[in-house]
Amino acid sequence: MGPLIPNGIINGDWSFVIALLIGIAFGFLLEASGFSSSRNITGVFYGYNFVVLRVFFTAVIVAMVGLLYFDYFGWLDLSKIFILPTFLKPMLLGGVIMGLGFIIGGFCPGTSYTAIAIGKLDGLFFAIGLFIGIYIFALAFPLFKDFYYSDNMGHVTLTDVTGIPAPWFAAGFTVIALAAFWITMVIEKRVRKNFTEYKF
Amino acid sequence: MDTNHNRPHYINPYLGGVLLGLLVLLTVYITGRGLGASGAVKSTVVTTAKIITPAKAEHNAYMKKFISPDHSPMYNWLIFESLGIFFGGLLSGILFGRVKKFRIEKSPKITNKTRLLAALAGGILFGIGSQFGRGCTSGAALSGSATFAFGGVLVMLAIFGTGYILAWFFRKLWI
């Protein structure tokens, strides 16, 4: 049955309306979870606030397990969903650059939009930076074009790469996440004790 | 020190996570792909370049991939989704009383100017990184990992790993 739009069950003309509604739900959840605050977000790197880890890991578990169930019940044809392609070295470099941008800027793209929405100028500057960064990338693209397309492994899943079935990854990730939830709760309590000012 | 009285009201992070996970699931079920956020900025960059320097944009090896004779790069799923992110954030902000006049959030140890420059620099880096990474925290790390994509997990580990390794050097910005 699913995915609904690629399978023609929902007419593609509706896709922009659906995109807007899904975006609204996404933005609402990001803001309501506290991601419109950069100091809230970066707390994950300093131990005073692990809200990013809690929301992110829970979301990944729910979506992973949910997809497996949808596949099991035959509601969703997993062979028809988009799997992000893997370009090993370029994507590792991209992740490292984003990590640096994250710790300096305190936002990621989606969270910066919600920060702008509630009136944060730092969110606006981050978004302007995104625009400039992508423009610089496009202008300089000929310099690293070969690298950008290198190491192409195609649309591979964890199972394709390791041979381990997807449910094992979902189970393993859940165990890691539960352990992380407990450990970070202990860390957060200790760090906050030494914090005189915790405002965000 | 507990400062509960002036702490803003956020929803329980585990509840937020469950709802966000269900949203990713619903999005994949409907559209066949996950959520994204950096793609909309890319479309905006391409559109701006196309308007200001059309010849340059059409000959640029990267930007020309996103230019089509039929329609504008703004006629794009991620543009509407990102508009939604803004309005959804606004809705939540109004509901929880966080929409206020323009302000800057920062560590008391740095000036407003430092914070804004850091935010700008962070954005530039995130913009560049998201192109190499084929997506940002939403498209690659969250949606990618949730759909068991090897590249998604890779990007997630690289973003957070780098954040932890470099956190000490930038602590003044935050604590």
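Lettering follows sequence order; numbering is per chain, from 1.
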(Q) If I measure from the heavy atoms of chain B, does A/Tyr46 come under 4.5 Å with its side chain, its backbone, both, or neither? (A) side chain

Q) Less than 4.5 Å apart, any side-chain heavy atom of B/Met63 and any of A/Ile134? A) no

Q: Compute the ring centroids of A/Phe169 and B/Phe148, then answer whether they are less than 6.0 Å apart.
A: no

**Q.** Per-residue contact mode, A/Ser38 against chain B (heavy atom under 4.5 angstrom)
**A.** both

Q.
Is A/Phe70 close to chain B through its backbone or its side chain, or both, or neither, when contacts mean heavy atoms under 4.5 Å?
A. side chain

**Q.** Side chain, backbone, both or neither of A/Leu158 within contact of chain B (heavy atoms, under 4.5 Å)
**A.** both

Q: Using non-hydrogen atoms and a 4.5 Å limit, figure out which bit of A/Ile136 sits close to chain B: side chain, backbone, both or neither.
A: side chain

Q.
Let's test your reading of the structure: which of A/Phe131, A/Phe57, A/Phe107, A/Tyr135 forms the most heavy-atom pairs below 4.5 Å with chain B?
A. A/Phe131

Q. Contact part of A/Val96 toward chain B, heavy-atom cut-off under 4.5 Å: side chain, backbone, both or neither?
A. both

(Q) With a 4.5 angstrom heavy-atom cut-off, is it the side chain or the backbone of A/Ile9 that approaches chain B, or both, or neither? (A) neither

Q) Can any side-chain N or O of B/Arg115 pair as donor or acceptor with the backbone N or O of A/Gly105 at less than 3.5 Å? A) yes

Q: Would you mind reporting whether A/Phe16 and B/Leu83 have side-chain heavy atoms less than 4.5 Å apart?
A: no

Q.
Heavy-atom cut-off 4.5 Å, strictly under: side chain, backbone, both or neither for A/Phe141 against chain B?
A. side chain

Q: Kindly state whether the ring of B/Phe170 and the ring of A/Phe45 have centres lying under 6.0 angstrom apart.
A: no

Q | Presence of salt bridge, B/Glu105 and A/Lys120, under 4.0 angstrom | A | yes

Q: Would you confirm whether B/Tyr164, through its side chain, and A/Val44, through its main-chain N or O, come within 3.5 Å as a donor-acceptor pair?
A: yes

Q. Non-hydrogen atoms of chain B under 4.5 Å away: do they reach the side chain of A/Phe181, the backbone, both or neither?
A. both

Q | Region of A/Tyr69 in contact with chain B, defined by heavy-atom distances below 4.5 Å | A | neither

Q. Under 3.5 Å, side chain of B/Trp77 to main-chain N/O of A/Ile18, donor-acceptor pair present?
A. no

Q: Name the orientation class of the two ring planes belonging to A/Phe28 and B/Phe96 (parallel below 30°, tilted from 30 to 60°, perpendicular beyond 60°).
A: tilted

(Q) Just checking A/Phe87 against B/Phe132, ring centres under 6.0 Å apart? (A) no

Q) Are the side chain of A/Tyr148 and the backbone N or O of B/Tyr62 linked by a donor-acceptor pair below 3.5 Å? A) no

